[in-house]
Amino acid sequence: MTEDHEKKLEVRVITTSGVFPESGFEQVSEHELVKTVLDKADKKLHITNTTGWIAVVAGRKIDINRSFRDNGLSGRVEIDWGPDHGAGGNA
């Protein structure tokens with residue numbers, strides 16, 4: 001049995017250089033790799049170096065080389081993307 005249509009998510013990327021998209025949310029498939037959206041944000045915001053950056057959603061680090069679905073994400077998602085400061089958290 002196959003799905004008739006893919007589930008969509010609304011995604012926004014928040015960085016120290018700005019927010020992508022500028023207003024609202026980017027609509028993507030749940031099967032889209034997180035990295036694909038981060039690459040779009042990188043180009044649009046003219047970020048010079050993202051080496052060592054991490055993506056965090058609701059306080060949880062996610063794997064940018066996996067899909068939104070594989071990261072357990074759905075609905076409206078805000079990704080905080082920036083340098084890993086190695087700060088401890090309340091886990």
Side-chain angles (χ1 to χ4, degrees):
M1 188 167 133
T2 60
E3 292 182 28
D4 291 331
H5 62 281
E6 295 179 299
K7 289 186 179 158
K8 297 285 187 183
L9 290 84
E10 292 185 319
V11 180
R12 176 168 35 202
V13 180
I14 301 163
T15 75
T16 54
S17 299
V19 177
F20 172 82
E22 205 171 305
S23 63
F25 288 80
E26 177 92 349
Q27 194 170 85
V28 299
S29 161
E30 67 177 347
H31 299 290
E32 187 85 55
L33 294 182
V34 174
K35 185 179 186 331
T36 305
V37 175
L38 297 181
D39 286 344
K40 285 183 187 178
D42 185 359
K43 286 181 178 67
K44 185 74 176 172
L45 298 172
H46 307 289
I47 301 169
T48 52
N49 185 359
T50 59
T51 304
W53 280 26
I54 61 167
V56 176
V57 175
R60 177 175 61 94
K61 185 176 174 184
I62 61 171
D63 184 345
I64 68 167
N65 294 306
R66 297 179 71 190
S67 71
F68 286 93
R69 182 179 183 175
D70 289 344
N71 274 294
L73 301 171
S74 62
R76 186 170 276 191
V77 178
E78 289 192 346
I79 302 172
D80 289 306
W81 187 40
D84 183 359
H85 297 297
N90 301 340

Out of curiosity, [X] [atom1] to [Y] [atom2], how far, rounded to the nearest 0.5 Å?
X     : Y     : atom1 : atom2 : value
His31 : Lys8  : NE2   : NZ    : 10.0 Å
Arg69 : Glu30 : CZ    : CD    : 4.5 Å
Leu73 : Arg60 : CG    : CZ    : 5.5 Å
Phe20 : Glu26 : CZ    : CD    : 4.0 Å

Determine the minimum heavy-atom distance between Glu32 and Thr36, stating which atoms define it. OE2-CG2, 3.1 Å
Listing, residues 41-50 side-chain donor-acceptor contacts under 3.5 Å, not counting sequence neighbours, or none:
from  : atom 1 : to    : atom 2 : distance (Å)
Asn49 : OD1    : Thr51 : N      : 2.8
Asn49 : OD1    : Thr51 : OG1    : 2.7

Is there a path of hydrophobic side-chain contacts, each under 4.5 Å between heavy atoms, that joins Leu33 and Trp81? no
In terms of hydrophobic clustering (I, L, V, M, F, W, Y; side-chain heavy atoms under 4.5 Å; direct or indirect links), are Trp53 and Val57 co-clustered? yes
Find out whether Asp63 and Asn71 are in side-chain contact, i.e. whether some heavy atom of one side chain is under 4.5 Å from a heavy atom of the other. yes
Using side-chain heavy atoms (C-beta onward) and a distance below 4.5 Å, is Phe68 in contact with Ile79? yes
When clusters are formed from ILVMFWY side-chain contacts under 4.5 Å, directly or step by step, what else is grouped with Ile54? Val56
Within 6.0 Å of NZ in Lys61, more than 12 heavy atoms from elsewhere: no
May I have the list of side-chain donor-acceptor pairs in residues 9-18 shorter than 3.5 Å, sequence neighbours left out?
from  : atom 1 : to    : atom 2 : distance (Å)
Glu10 : OE1    : Arg76 : NE     : 2.9
Glu10 : OE1    : Arg76 : NH2    : 2.9
Arg12 : NE     : Glu78 : OE2    : 3.2
Arg12 : NH2    : Glu78 : OE2    : 2.5
Thr15 : OG1    : Ser17 : N      : 2.9
Thr15 : OG1    : Gly18 : N      : 3.1
Thr15 : OG1    : Gly18 : O      : 2.9

Asp84 (side chain) donor-acceptor with Gly52 (main chain) under 3.5 angstrom: no
